[in-house]
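Take a look at the structure below.
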Amino acid sequence: MTLKIYNVLTRTKEEFKPLQPGKANIYVCGPTVYDYSHIGHAKTYVGFDVVVRYLRYLGYDVLYVQNITDVGHMLDTGEDRILKKARQLSAGPMQIVETYMREYFADMDALGVQRPDISPRASGHVPEQIEMVQTLIAKGNAYESEGSVYFDVTSFPEYGKLSGRVLEEQEEGSREAVRSEKRHPADFALWKKADPEHILRWPSPWSDGFPGWHVECSAMANKYLGTTFDIHGGGIDNIFPHNECEIAQSEAAHGETFARYWMLTGSLTLDGVKMSKSLGNTLTIKDALARWRPEAIRTFILSSHYGSPIDFSDEAIEAAYKGWQRMWGAVTLARQQLRTAVPGAANPDVIALLDKAKAQFIEKMNDDFNAPAALGVLQELTRQVNILLNEQGPHTNGTLTAVDNLYRELGGGVLGIIPDEADGGSSGSAEREDGLVQILIKLRAQARANRDWATSDAIRNQLKDLGVVLEDRADGTIWKTE
RNA sequence: GGCGACGUGGCCAAGUGGUAAGGCAGGGGUCUGCAAAACCCUCAUCACCGGUUCGAAUCCGGUCGUCGCCUCCA
């Protein structure tokens with residue numbers, strides 16, 4: 001069974017054959033750090049997080065590069081968005097960049113997104129970008145005009161092959177058309193001469209200025225992954241012009257294929273409407289995390305295919321959360337039973353059940369990282385496990401460990417929705433938390449033995465208010481977090 | 001207007017030729033001091049029309065509708 005990837009470049013599902021056997025080099029377009037990250041970023045980067053996790057699970061030696069854009073993004077007004085933010089906050093541009101980059105990583109950490117191996121910043125790679133622009137000029141793919149440099153799209157016949165655009169169709173009505181510096185309306189900037197008030201600037205052979213947005217990805221991907229690499233990812237909204245320009249620059253400069261597989265994620269809408277800064281209907285990751293635990297957000301995101309659009313709503317994430325709770329409840333129960341389980345080998349029937357689920361999970365994930373279907377496999381397994389834990393047993397520690405391990409492996413390691421520990425940062429505090437709850441459970445058991453329902457319910461209700469849920473079972477009371 | 005994608009039960013969502021995974025919600029049960037959890041039963045013929053085929057949600061054509069991109073955007 002082999003991994004298949006839907007390649008946007010060919011619009012077909014292809015078997016994944018890396019350039020070098022066993023290695024997977026992947027580049028994903030990262031965020032522009034000038035504000036807090038929103039839930040749309042979460043969809044994209046959780047999506048690729050699972051892609052990378054799964055590739056590693058399959059044994060690939062993955063090199064994951066995701067850039068940080070901290071220069072060169074223009075607003076309609078021609079103003080750099082980072083500079084605009086800096087002016088608003090009376091701060092320096094690099095302070096803004098540093099602040100929001102840290103916030104971005106903090107948000108991703110909170111969501112359980114594993115960090116890229118390399119997070120190169122555009123501002124730190126200006127020489128590489130200048131070098132690439134020089135190459136493109138030397139090869140006749142770019143030209144200087146009044147201190148700026150533009151890519152000549154007519155010099156690259158394949159321009160449009162990713163997005164399906166045809167050059168001629170772009171001319172009409174383009175705002176860019178008014179820029180007389182350019183020979184063709186679709187030509188895009190590789191280097192821009194800076195206006196006097198533009199303080200993010202670097203010296204170059206053409207002017208004091210700054211690199212165009214698209215060239216950073218080409219230059220940095222080339223530096224860290226080479227002229228040709230395996231997978232290029234990003235949000236579908238950047239397919240044109242950004243991704244298209246990346247291809248044009250890189251392939252014109254190097255004369256070789258840029259990325260072999262293109263994986264683009266569907267966009268996220270909020271209550272049916274596209275989130276946009278201008279509309280103001282954004283939901284930041286921080287705000288979302290204040291309302292739902294990270295596993296719920298991840299489960300929601302993974303409940304639709306990475307390439308599909310998804311609509312975020314309270315109802316939708318609530319449904320995902322409740323589904324996750326059932327799975328988490330089963331894992332929690334298995335771990336609780338494991339504490340007092342008798343030593344012994346695993347039940348062969350259970351092992352067979354787990355093996356089957358694992359095989360199905362892998363089959364789904366091999367089919368273009370079909371996380372929603374893989375999630376469905378775990379949901380079905382969970383019903384079987386619940387029957388096992390609730391209606392059969394007691395089980396040996398071998399059986400329970402096997403159950404726990406599968407959830408750790410697939411639900412935790414690959415999907416990132418099953419925590420290793422109950423909760424609370426370090427294992428030390430987790431143990432302390434459990435100890436405290438166990439004391440209360442014993443006190444409540446006393447009250448229940450005395451038929452003192454007022455006390456027993458008070459303990460249960462107050463713990464519930466703290467997010468600790470007690471469940472009375474035939475074999476004792478267990479607890480878990482909401 | 002151009003390019004691209006999509007339309008599956010009340011909601012979300014898998015499924016690309018052989019008689020519709022899964023989650024949530026709803027109804028009915030079992031269990032329980034109560035509760036919670038869990039489990040069992042129940043709940044769709046796949047926007048519409050036409051075509052190809054022994055057979056289509058799945059392929060082709062058309063209609064209607066939704067969305068993304070075309071300008072910064074993950």
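Throughout, protein chains are lettered first and strands after them, A, B, ... in sequence-line order, and every chain is numbered starting at 1.
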Q: Mind checking A:H305 for me? I need base, sugar-phosphate or nothing, with any heavy atom below 4.0 Å counting as a touch.
A: sugar-phosphate

(Q) So, under a plain 3.5 Å distance rule, would you say the side chain of A:R165 forms a donor-acceptor pair with the base of B:C69? (A) yes

Q: Give A:L375 one of three labels, base, sugar-phosphate or nothing, depending on what nucleic acid heavy atoms sit under 4.0 Å from its own.
A: nothing

Q: Only counting residues at least two apart or in another chain, list the ones meeting side chain to side chain contact (heavy atoms under 4.5 Å, CB included) with A:A319.
A: none

Q. Across all strands shown, which nucleotide pairs with B:G1 by Watson-Crick or G-U wobble geometry, both distances under 3.5 Å?
A. B:C70

Q) For B:G61, which nucleotide in any strand shown is its Watson-Crick or wobble partner with both distances under 3.5 Å? A) B:C49

Q: Examine B:G15: is either OP1 or OP2 under 4.0 Å from a nitrogen or oxygen in the side chain of A:N370? Give yes or no.
A: yes

Q. Which base sits across from B:C24 as a Watson-Crick or G-U pair, both distances under 3.5 Å?
A. B:G10

Quick test: give all pairs of protein nitrogen or oxygen and nucleotides 29-37 of chain B nitrogen or oxygen below 3.5 Å, distance rounded to 0.1 Å.
| residue | atom | partner | partner atom | Å |
| --- | --- | --- | --- | --- |
| B:G33 | N7 | A:R448 | NH2 | 3.2 |
| B:G33 | O6 | A:R448 | NE | 3.3 |
| B:G33 | O6 | A:S456 | OG | 3.4 |
| B:G33 | N1 | A:D457 | OD1 | 3.1 |
| B:G33 | N2 | A:D457 | OD2 | 3.0 |
| B:C34 | O2 | A:R460 | NH2 | 2.7 |
| B:C34 | N3 | A:R460 | NH1 | 3.0 |
| B:C34 | N3 | A:R460 | NH2 | 3.3 |
| B:C34 | N4 | A:D472 | OD2 | 3.0 |
| B:A35 | N6 | A:D472 | O | 3.1 |
| B:A35 | N1 | A:D472 | N | 3.2 |
| B:A35 | N3 | A:R460 | NH1 | 2.8 |
| B:A37 | O4' | A:E471 | OE2 | 3.4 |
| B:A37 | O2' | A:E471 | OE1 | 3.4 |

(Q) Can you measure A:N243 atom CG to B:C70 atom P for me and round it to whole angstrom units? (A) 12 Å

Q: Measure the distance from OH on A:Y321 to C1' on B:A13 and round it to the nearest whole Å.
A: 21 Å

Q: Quick one: sort the A:W292 and A:F312 rings into parallel, tilted or perpendicular, breaks at 30° and 60°.
A: perpendicular

Q | Gap between atoms CD and P, on A:E244 and B:C3 respectively (whole Å) | A | 15 Å

**Q.** Candidate nucleotides B:G22, B:A14, B:A74, ranked by approach to the side chain of A:E380 - the nearest
**A.** B:G22

Q: Could you please name the option among B:G22, B:A14, B:A74 that lies closest to any side-chain atom of A:S304?
A: B:A14

Q | Among B:A5, B:C39, B:A74, the one nearest A:P31 by side-chain distance | A | B:A74

Q.
Need the pair for B:A38. Rule: Watson-Crick or G-U wobble, both distances under 3.5 Å, any strand; none if unpaired.
A. B:U30

Report, one line per pair, each donor and acceptor closer than 3.5 Å where one atom sits in a side chain of residues 106-116 of chain A; sequence neighbours left out.
| residue | atom | partner | partner atom | Å |
| --- | --- | --- | --- | --- |
| A:D107 | OD1 | A:K286 | NZ | 2.7 |
| A:D109 | OD1 | A:R115 | NE | 3.1 |
| A:D109 | OD2 | A:R115 | NH2 | 2.6 |

Q) Which salt bridge (charged side-chain N to carboxylate O under 4.0 Å, His left out) pairs, counting each pair once, include a residue from residues 309-331 of chain A, with sequence neighbours left out? A) A:R291-A:D314

Q: Take the protein atom CD1 of A:I236 and the nucleotide atom P of B:C70, then report the distance between them rounded to whole Å.
A: 11 Å

(Q) Does a side-chain N or O of A:K364 approach OP1 or OP2 of B:A14 to a distance below 4.0 Å, or not? (A) no

(Q) Without decimals, in angstroms, what is the distance between A:I301 CD1 and B:G23 P? (A) 21 Å

Q. A:Y321: what forms a ring pair (Phe, Tyr, Trp, His ring centres under 6.0 Å) with it, not counting sequence neighbours?
A. none

Could you go through residues 235-242 of chain A and list every donor-acceptor pair under 3.5 Å that involves a side-chain atom there, pairing it with any protein atom two or more places apart or in another chain?
| residue | atom | partner | partner atom | Å |
| --- | --- | --- | --- | --- |
| A:H242 | ND1 | A:H214 | ND1 | 2.9 |
| A:H242 | NE2 | A:E246 | OE2 | 3.2 |

(Q) Please report the distance separating the P of B:U8 from the corresponding atom of B:U45, rounded so that it comes out in whole Å. (A) 14 Å

(Q) With a 4.0 Å limit, can you tell me whether A:S163 has a side-chain N or O closer than that to the phosphate oxygens OP1/OP2 of B:G68? (A) no

Q) CG of A:N238 versus P of B:G4: gap in Å, rounded? A) 19 Å

Q.
Among A:V62, A:D230, A:V65, which residue satisfies the side-chain contact (heavy atoms from CB on, under 4.5 Å) criterion with A:I26?
A. A:V62

Q: Measure from CD on A:Q379 to C1' on B:G15 and round the result to the nearest Å.
A: 17 Å

Q: Give a yes/no answer on whether the side chain of A:K274 brings an N or O atom under 4.0 Å of OP1 or OP2 in B:C69.
A: yes

Q) When the distance from NE2 of A:H242 to P of B:A74 is rounded to whole Å, what number comes out? A) 9 Å

Q | Sugar-phosphate, base or nothing in reach of A:I239, heavy atoms under 4.0 Å | A | nothing

Q: Pick out which of A:F16, A:F369, A:Y6 makes a ring pair (Phe, Tyr, Trp, His ring centres under 6.0 Å) with A:Y261.
A: A:F16

Q) What class does the angle between the rings of A:Y36 and A:Y100 fall in, given that below 30° is parallel, 30 to 60° is tilted and above 60° is perpendicular? A) perpendicular

